[in-house]
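Read through the structure below, which is laid out as structure tokens, and then see the notes.
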Amino acid sequence: MPEILEAEEARALIEARGLGREITTVDAPDAWYLKRGLTPRAARAVLPGRSFVAARRRGKQLFLDTDGVEDSGGPVLGLHLGMSGRVVIDGAAAGDPLRYASNRDMPEWHRFAVRFVDGGRLSLRDPRRLGAVELDPDEDRLGVDAIEITLAQLRSVVARSRAPLKAVLMDQARVAGLGNLLVDEILWRVGLDPARPANTLDAGEQARLARSIRQTLRTLGKRGGSHTGDLMAAREPGGMCPKDGAPLLRRTVGGRTTYSCPRHQH
DNA sequence: ATTGTGGCCTGCCCGC
DNA sequence: TGCGGGCAGGCCACAA
């Protein structure tokens, strides 16, 4: 996906409009889209008759809790949006249209859906099929959620790796939720070079980075998503730094296309 | 063990 | 207008 901000919008949409509605049927036309052993048959066996009772999120991963037949809770449905997925409920989609994902609504792009007794539907629309649906996902695969990362948590993450700072921040097992655009924006704002070995940050840089992560997510969240950063407009070949006008550096860091300012990011 | 690379899959945009 | 190439905000398996 979309990154953590779009995942949070999807979570909020589900919380607002997807809870407490009994599921009648499961549409899983794309078995490939189901991961970690989940099959269309298994999904149809466990979901109908239940309702979602909570929508949680960690990083970019969504967890939909279901009610149990008895007191014990039902299975947890895990949704991941990949690079182009969007949650759609009764025709309303969460999040602004993504730059690299068409916002058209082709029926064949709906890879997974549940229909409710009331006639509505919760669906995952994903043109590129890089998202995923699974049952009872392992929540501990993911590191600390980026939105609420503390200085102590950030310090323990960056201090023990000499990989490029950007690669460490995008490692979902360490910090969950940051993707390519958000990391470029955060590091540009705080003035840190994405290629710096993570363990070379001094205490002051660690503190500013932790604050920048929280502040940037808060600001861009209010604006409407990961693509609303101040670096975004210049994030193209030949782009100039919006802060100081220097030509931006475009390179691959951590395996991803990376834009940074050679003048103020060190 | 950690880090880096390639592949997955499809849509879109650019240049010829 | 049609086509090929390259690009894309994520994740995983694998190699070094």
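Lettering follows sequence order; numbering is per chain, from 1. This one's a predicted model, so the numbers in the text were calculated from it and none came from an experiment.
Between the P atom of B/dG6 and the CZ atom of A/R256 lies a distance of 14 Å, rounded to the nearest Å. Distance A/D138 CG to C/dC11 P: 15 Å, rounded to the nearest Å. To the nearest angstrom, P of B/dG11 lies 17 Å from CZ of A/R86. As rounded to whole Å, 12 Å separates atom P of B/dG4 from atom CG of A/L165. Nucleotide C/dC11 holds its P atom 12 Å from the CG atom of A/D126, rounded to whole Å. Distance OH (A/Y259) to C1' (C/dC7): 10 Å, rounded to an integer number of Å. Atom CE in A/M83 sits roughly 10 Å away from atom C1' in B/dT10 (whole-Å rounding). What separates CG of A/D171 from P of B/dA1 is a distance of 15 Å, to the nearest Å.
When distances are taken from the side chain of A/R129 to each of B/dC12, B/dC9, C/dG10, the shortest belongs to B/dC9. The side chain of A/T257 approaches C/dA8 more closely than any other nucleotide in the set B/dG11, C/dA8, B/dG4. Nearest nucleotide to the A/A163 side chain, out of B/dT3, C/dC11, C/dG10: B/dT3.
Grouping the Ile, Leu, Val, Met, Phe, Trp and Tyr side chains by contacts below 4.5 angstrom, directly or via other members, places A/L187 apart from A/L249.
Distances shown here put every side-chain N or O of A/R235 at or beyond 4.0 Å from the OP1 or OP2 atom of C/dA8. A sub-4.0 Å separation between OP1 or OP2 of C/dC11 and a side-chain N or O of A/K35 is absent. For the pair A/R128 and B/dG11, the criterion of a side-chain N or O lying under 4.0 Å from OP1 or OP2 is not met. The side chain of A/H80 contributes an N or O atom lying less than 4.0 Å from OP1 or OP2 of C/dC11. Applying the 4.0 Å criterion to OP1 and OP2 of B/dG11, one finds that A/S84 has every side-chain N and O outside that range. Put simply, A/W32 has no side-chain N or O that comes within less than 4.0 Å of OP1 or OP2 on B/dC8.
Residues A/L13 and A/E8 form no side-chain contact, since every pair of their non-hydrogen atoms from C-beta on lies 4.5 Å or further apart. By the 4.5 Å heavy-atom criterion applied to side chains, A/S260 and A/W188 are not counted as neighbours.
Rounded to the nearest Å, the gap between the P atom of C/dC14 and that of B/dC9 is 15 Å. Atom P of B/dG6 sits at a distance of 14 Å from the matching atom of C/dG6, rounded to the whole Å.
At a threshold of 4.0 angstrom between heavy atoms, the contacts of A/R174 are confined to the sugar-phosphate backbone, with no base atom among them. Here A/G255 lies out of heavy-atom contact (under 4.0 Å) with every strand. Across all strands, A/R162 comes closer than 4.0 Å only to sugar-phosphate atoms, never to a base (heavy-atom distances).
Pair assignment for B/dC9: none, as no Watson-Crick or G-U wobble contacts are both less than 3.5 Å.
One finds the NE2 atom of A/H266 at 10.0 Å from the CZ atom of A/R196 (value rounded to the nearest 0.5 Å).
Applying the 6.0 Å contact sphere to CZ of A/R141 captures more than 12 heavy atoms from other residues, nucleotides or ligands. Surrounding CZ of A/R160 are at most 12 heavy atoms belonging to other residues, nucleotides or ligands under 6.0 Å away.
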Check: protein-nucleotides 12-16 of chain C nitrogen or oxygen pairs below 3.5 Å:
| unit_1 | atom_1 | unit_2 | atom_2 | d |
| --- | --- | --- | --- | --- |
| C/dC12 | OP1 | A/R36 | NH2 | 3.0 |

Between A/Q215 and A/R218, does the side chain to side chain donor-acceptor pair (under 3.5 Å) criterion hold? Intermediate values first, please.
CA-CA 5 Å; A/Q215 181 61 51; A/R218 196 155 49 234; 2.8 Å; yes
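With respect to A/Y259, the side chain to side chain donor-acceptor pair (under 3.5 Å) criterion is satisfied by exactly one of A/E236, A/E185, A/R251, A/R250: A/R250.
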